[in-house]
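Heads up, the thing below is written out as structure tokens.
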Amino acid sequence: MIEFHPVTRHIGAEVTGLDLRKPPSEEEVAEIRRGLLDHLVLFFRDQEITDEQHLAFAERFGTLNEPPMKTSTSAIHILDQKDPKGEGGDSWHSDNTFMRVPPMGSLLRAVILPDVGGDTNWANMYLAYESLPRSIQRLCDELEAEHDLTMSVTKAIAKGHRLDLAEMQRKWPPVRHPVVRVHPETGRKALFVNRSSTTRLVGLDDRENEALLPLLQDVVRSPEFQVRLKWRVGTLAFWDNRPTQHYAVADYTQRRKMHRVTINAPAEIDDGVPKGPRSA
């Protein structure tokens, strides 16, 4: 029997009663989906699975969303690092919000870990929004923000990754998303700006952006909204990218290898385009 064991009051749960080597039933898929909506990020411990089993499990919850910065020839995105500081993961973010259709979720699995360090944090962006004063909430409900990949790709190039910035900018030009995203399944409002991709609040001048955007980007830092995972080899984390942000702690110098699959929601559930309070 599947059980969800909350890790904190507001976000994160460990899942027991499921062996990911075996295809989940329709009832189990529905139960996991409900658990994800309730807890935002799920942790599956002691799952010694192959890449093929990882992919098969992910595809029960949506279609594959291949990342712009591919690291392998398959849909498995490999994160293999010894010197991660400054590569972008150590900044609070939601995955690929510079895309018109950011991924609905990610499933990340630990393959090789350092002796110490390399934890990941997640934050509940429903609570980030709800923590704002009502007057700021009303303003944010009306705003859009521009998201651009330039910052994250520039960081990757500076760390030695061979990427064509101009080509990527051509393929993924800046997009506008609502500052407040309404979750298509829960109907709840979540703050949807981050330091990795959000460049400006549309319709505000430079001084207004300098005052308001950093305030909104930094709400995520409150520990009350967060959960921290200490990885073990064989742990898989599955998170809803729509109402969360995450942060990879860059405190290690030994090898850390993670395998990730990103997915879009089934079309009948969510078309993936972020909706604000006026359009949801």
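As a basis for the values below, the full set of heavy atoms in this structure was taken, side chains included, without hydrogen atoms, waters or symmetry mates. Source: prediction; values computed, not measured.
Using modelled atom types, one side-chain atom of Q245 and one backbone atom of V193 make a donor-acceptor pair closer than 3.5 Å. Distance alone, capped at 3.5 Å, places no donor-acceptor pair between the H54 side chain and the E52 backbone. In this structure a side-chain-to-backbone donor-acceptor pair under 3.5 Å is present from K275 to V273. A donor-acceptor pair under 3.5 Å is absent between the side-chain atoms of E3 and the main chain of T16, judged by distance alone. Although no hydrogens or angles enter the test, the distance criterion places a donor-acceptor pair under 3.5 Å between the side chain of Q53 and the main chain of T50. T235 contributes no side-chain N or O that, together with a main-chain N or O of W231, makes up a donor-acceptor pair within less than 3.5 Å. Checked by atom type and distance alone, the side chain of R176 never pairs as donor or acceptor with a backbone atom of A145 at under 3.5 Å.
At least one side-chain heavy atom of R195 sits under 4.5 Å from a side-chain heavy atom of D218. The side-chain heavy atoms of L127 and E130, taken from C-beta on, include a pair separated by under 4.5 Å.
A salt bridge is absent between D206 and R200: the closest approach of a Lys/Arg side-chain nitrogen to an acidic carboxylate oxygen does not fall below 4.0 angstrom. Checked for salt-bridge contact, E167 and R170 meet the test: a charged N lies under 4.0 Å from a carboxylate O. The pair R278-D141 does not meet the salt-bridge criterion, since no charged nitrogen lies less than 4.0 angstrom from a carboxylate oxygen. Residues R21 and E48 are not paired through a salt bridge, judged by the lack of any N-O separation under 4.0 Å between the basic side chain and the carboxylate. E28 has no carboxylate O lying under 4.0 Å from a charged side-chain N of R60, or vice versa, which leaves the two without a salt bridge.
Under a hydrophobic-cluster definition in which Ile, Leu, Val, Met, Phe, Trp and Tyr are linked whenever side-chain heavy atoms come within less than 4.5 Å, directly or via other members, V227 and V219 are assigned to different clusters.
Under 3.5 Å, the side chains of T8 and Q226 contain no donor-acceptor pair of N or O atoms. Using modelled atom types and a 3.5 Å distance limit, the side chains of D95 and S106 yield a donor-acceptor pair. When only modelled atom types and interatomic distance are considered, H246 and N241 share no side-chain donor-acceptor pair under 3.5 Å. A donor and an acceptor atom, one from each side chain of T97 and H147, are located under 3.5 Å apart. The closest side-chain donor-acceptor pair between H77 and H259, if any, does not fall under 3.5 angstrom. Checked by atom type, the side-chain pair Q217/N194 shows no donor-acceptor distance below 3.5 Å.
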Taking it one step at a time, do D251 and K85 satisfy salt bridge (charged side-chain N to carboxylate O under 4.0 Å, His left out)? CA-CA 8 Å; D251 61 347; K85 195 166 183 62; over 6 Å; no
With ring-ring contact (aromatic ring centres under 6.0 Å, His included) as the test, would you mind laying out the steps for Y129 and F225 before giving the verdict? CA-CA 11 Å; Y129 171 78; F225 310 155; over 10 Å; no
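In this structure, the separation between CD1 on I269 and CE on M104 is 7.5 Å, given to the nearest 0.5 Å. T186 OG1 to D240 CG: the interatomic distance, rounded to the nearest 0.5 Å, is 8.0 Å. From N264, atom CG reaches atom CG of D271 across 10.0 Å, with rounding to the nearest 0.5 Å.
Below 30°, between 30° and 60°, or above 60°: for F238 and F57 the angle between ring planes is above 60°, a perpendicular geometry. Below 30°, between 30° and 60°, or above 60°: for F98 and W172 the angle between ring planes is above 60°, a perpendicular geometry. Relative orientation of the H183 and Y126 rings is tilted, given thresholds of 30° and 60° on the angle between their planes. Ring planes of Y247 and W92: tilted class, angle from 30 to 60°.
The only option from R242, R33, R34 that meets the side-chain hydrogen bond (donor to acceptor under 3.5 Å, both in side chains) definition with E185 turns out to be R242.
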